[in-house]
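Shown next, in structure tokens, is the structure this report addresses.
Note that the numbering runs from 1 along the sequence shown for the chain.
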Amino acid sequence: MAKVSMRTKDRMIRQYVREEFGPETKVPSYDTLRRLWQEWFGPGGARQRYARSADLPESHGHVLVHRPGQVVALDTTVLPVMVREHVFGDPVKMHLTLALDVCTHSLVAFRLTLVSDTSVDVAMLLRNVTMPLPMRADWGEDLEWPYPGLPAAVVAEFAGHAVAGLPFFTPETVTTDHGSVYRNHHLVEVERVLGCQVLPARVLRPTDKAAVKRAFGVIRQLLFEHLVGYTGVDVADRGADPAADAVLTADQLEHLIATWIVGVWQKRKLGEYAPAWDPDGSHSPNSLFAASFAQTGFAMDIPSPELFYELLPAHYVRIDKRRGVKIRGLWYDDIDVLRDYRGELSTRGGKHKGKWLIRRDPRDRRQVFFQDPLSHDWHPLPWTGMPRAGQMLAFGDARANALLAKAASAGLKPKSDAELMPVLLELIGSNIPVSKWPTQLKKSQRTEHAREAHQARAAQADRPPSPPAPAPQLVSAPAPAEEGTATVLSWPGRARETHDAVAGERRRRREAVRPAPVPPPELGHSFRARSVFVLPEDDLEEDRGGPDDAG
């Protein structure tokens, strides 16, 4: 029965007493019934379906995890450390997403985002679980692949680079919460491509994700509490001004967490998480992963770099003869790539019969990706509103939606995406002088600029290093600063790039309206073109005489 109010319960009690014991039987007052009900049955504040599910017995008991990759738990939390974003240098809070292998308690992947993660971030996180972690410049030999039975040289040969000491495998089951980021069509497609199953945790069953929840607490105690800018668990534990104490940038913190995971977490002795086959032994995540080699073996299946494109959201569209393809209101085209497919139908059948598959990266809408059906190579298709020089700041889905909404509200009906670019540049902030950016822009606007730049950097890092076809030269944020060097804010360069894009677009439009002026001829050109001793044709006719002359 559904949950009802106390007034309804009072009426039902009186009805029951009247029918069972007669109308002469006295019933206590409403206040007495309400007080006794709370005393006997409690306040009943929980939702009815949640309370029932908590009382249901477990049908299959506890799941016994006995091999790496069998169950991988995902969770996201707000980072308890204030960091400085690289665009304006403002202190911001980031979100940390962890992927923990339940069998070995290895932190096989993590991801930092300026806002809550999206389905693309989760897809790239699962992709990182399946790929070996490359060694970084300042990492020594103690952080290299240490597992026996599979030499580091063999793994490096298959991976194409030196591999760090962190497990990698294809997950079988991924346990998540009930957030909307894990319950959409895109993640279902990612699940199909990777061959794994995304299984949300049961309601009111904290044991399903207890390991990853505990991992957040351990990382906070062993690492985050020692960093400058730590905000504490709640407001009562917060310092006087943690935002002013923040000195680490997002890139520096990402490098610090990666180094700490490989160098500390994977070698740390486990306490209550000892394996069932050796409860009194001394084990670490690395030793448990090495022990699994002898028990179940290891299938080294390193995916190809083209897996990046297969995990992006898919769009099935037709290729226009003149304008290319239209993806969420924006047109993309490349004359050389789409030359043989303009106006043609694909050989695809079924629900998307005759349509072509286009992949979109929501974090960077400057280009989409098209796979050639003959060579199977992926090619980028740039936005048709992009300037010829390729100078364009990165923008994502949120900025593109704002662009189309503002153009629609202004009554602008452009014929091509080139007419939309000035509106986009105005939204990005090109009309604000560089010297006034930190003061005139609001904190939310500065965070939005920083988020776009951070997402563009993440998209560029996830992209394969050597694409099959040369992509158009796109302006991206500068590379992360090395340790020990001063971090240069990129918002002056971001404004300068916007100014250059506007100037280049205006120059292109002027040249399209009127032809370029022809320079005057050089001095002496007429003397070199013809001889000065040649008489004009009129003088020749006078000397010869006309037809009317007689004798």
Does this structure show an ion pair linking [X] with [Y], if we count only N-O contacts that are shorter than 4.0 Å?
X	Y	result
Arg183	Asp177	no
Asp333	Arg323	no
Lys209	Asp75	yes
Asp462	Arg363	yes
Arg136	Glu144	no
Arg365	Asp397	yes
Arg359	Glu310	no

Minimum heavy-atom distance [X]-[Y], with the two atoms named:
X	Y	answer
Asp142	Lys267	O-NZ, 3.2 Å
Ser119	Val181	N-CG2, 3.4 Å
Pro464	Phe308	CD-CD2, 3.6 Å
Leu312	Arg360	CB-O, 3.6 Å
Pro382	Asp334	CD-OD2, 4.1 Å
His105	Ala211	CE1-CB, 3.7 Å

Does a donor on one side chain sit under 3.5 Å from an acceptor on the other, for [X] and [Y]?
X	Y	result
His255	Asp138	yes
Gln460	Arg457	no
Gln266	Ser106	yes
Asp121	Thr113	no

Is the count of non-hydrogen atoms from other residues, nucleotides or ligands lying under 6.0 Å from [X] atom [atom1] greater than 12?
X	atom1	result
His178	NE2	yes
Glu141	CD	no
Phe293	CZ	yes
Leu374	CG	yes
Lys326	NZ	no

State, yes or no, whether a side-chain contact exists between [X] and [Y] at a heavy-atom distance under 4.5 Å.
X	Y	value
Thr130	Ile302	no
Met131	Pro303	yes
Leu112	Leu79	yes
Leu114	Val92	yes
Leu74	Leu126	yes
Cys196	Glu172	no
Leu100	Phe216	no
Val325	Phe370	no

Applying the side chain to side chain contact (heavy atoms under 4.5 Å, CB included) test to Leu107, which of Val212, Ile219, Leu166 qualifies?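 For Leu107, the side chain to side chain contact (heavy atoms under 4.5 Å, CB included) test succeeds with only one of Val212, Ile219, Leu166, which is Ile219.
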Take Gln371 and His376, measure what side-chain contact (heavy atoms from CB on, under 4.5 Å) needs, and give me the verdict at the end. CA-CA 6 Å; Gln371 187 179 25; His376 301 285; 3.8 Å; yes
Nearest-0.5 Å distance, [atom1] of residue [X] to [atom2] of residue [Y]:
X	Y	atom1	atom2	answer
Leu125	Asp117	CG	CG	8.5 Å
Phe110	Ile261	CZ	CD1	5.0 Å
Tyr316	Lys355	OH	NZ	10.5 Å
Leu199	Tyr182	CG	OH	13.5 Å
Glu254	Arg111	CD	CZ	9.0 Å
His454	Glu85	NE2	CD	11.0 Å

Fit a plane to each ring of Phe298 and Phe289, take the angle between them on a 0 to 90° scale, and name the class: parallel (under 30°), tilted (30 to 60°) or perpendicular (over 60°).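 If you compare the ring of Phe298 with that of Phe289, the planes turn out perpendicular.
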Could you check, using the six-membered ring where one of them is a Trp, whether [X] and [Y] have ring centers closer than 6.0 angstrom?
X	Y	answer
Trp356	Tyr341	yes
Tyr309	Trp378	yes
Phe168	Trp145	yes
Phe395	Trp383	yes

Where do Thr170 and Val129 land on the side-chain contact (heavy atoms from CB on, under 4.5 Å) test, with the steps shown first? CA-CA 7 Å; Thr170 301; Val129 175; over 6 Å; no
Keeping the roles fixed (side chain from Thr173, backbone from Gln197), state whether a donor-acceptor pair exists under 3.5 Å.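 Between the backbone of Gln197 and the side chain of Thr173 there is no qualifying donor-acceptor contact (under 3.5 Å).
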Keeping Gln367 on the side-chain end and Pro380 on the backbone end, is there a donor-acceptor pair under 3.5 Å?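 Not at all, since once roles are kept as given, no pair shorter than 3.5 Å links the two residues.
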Just do the side-chain contact (heavy atoms from CB on, under 4.5 Å) check on Phe369 and Arg463 with the steps written out, would you? CA-CA 11 Å; Phe369 303 97; Arg463 203 167 299 161; 3.8 Å; yes
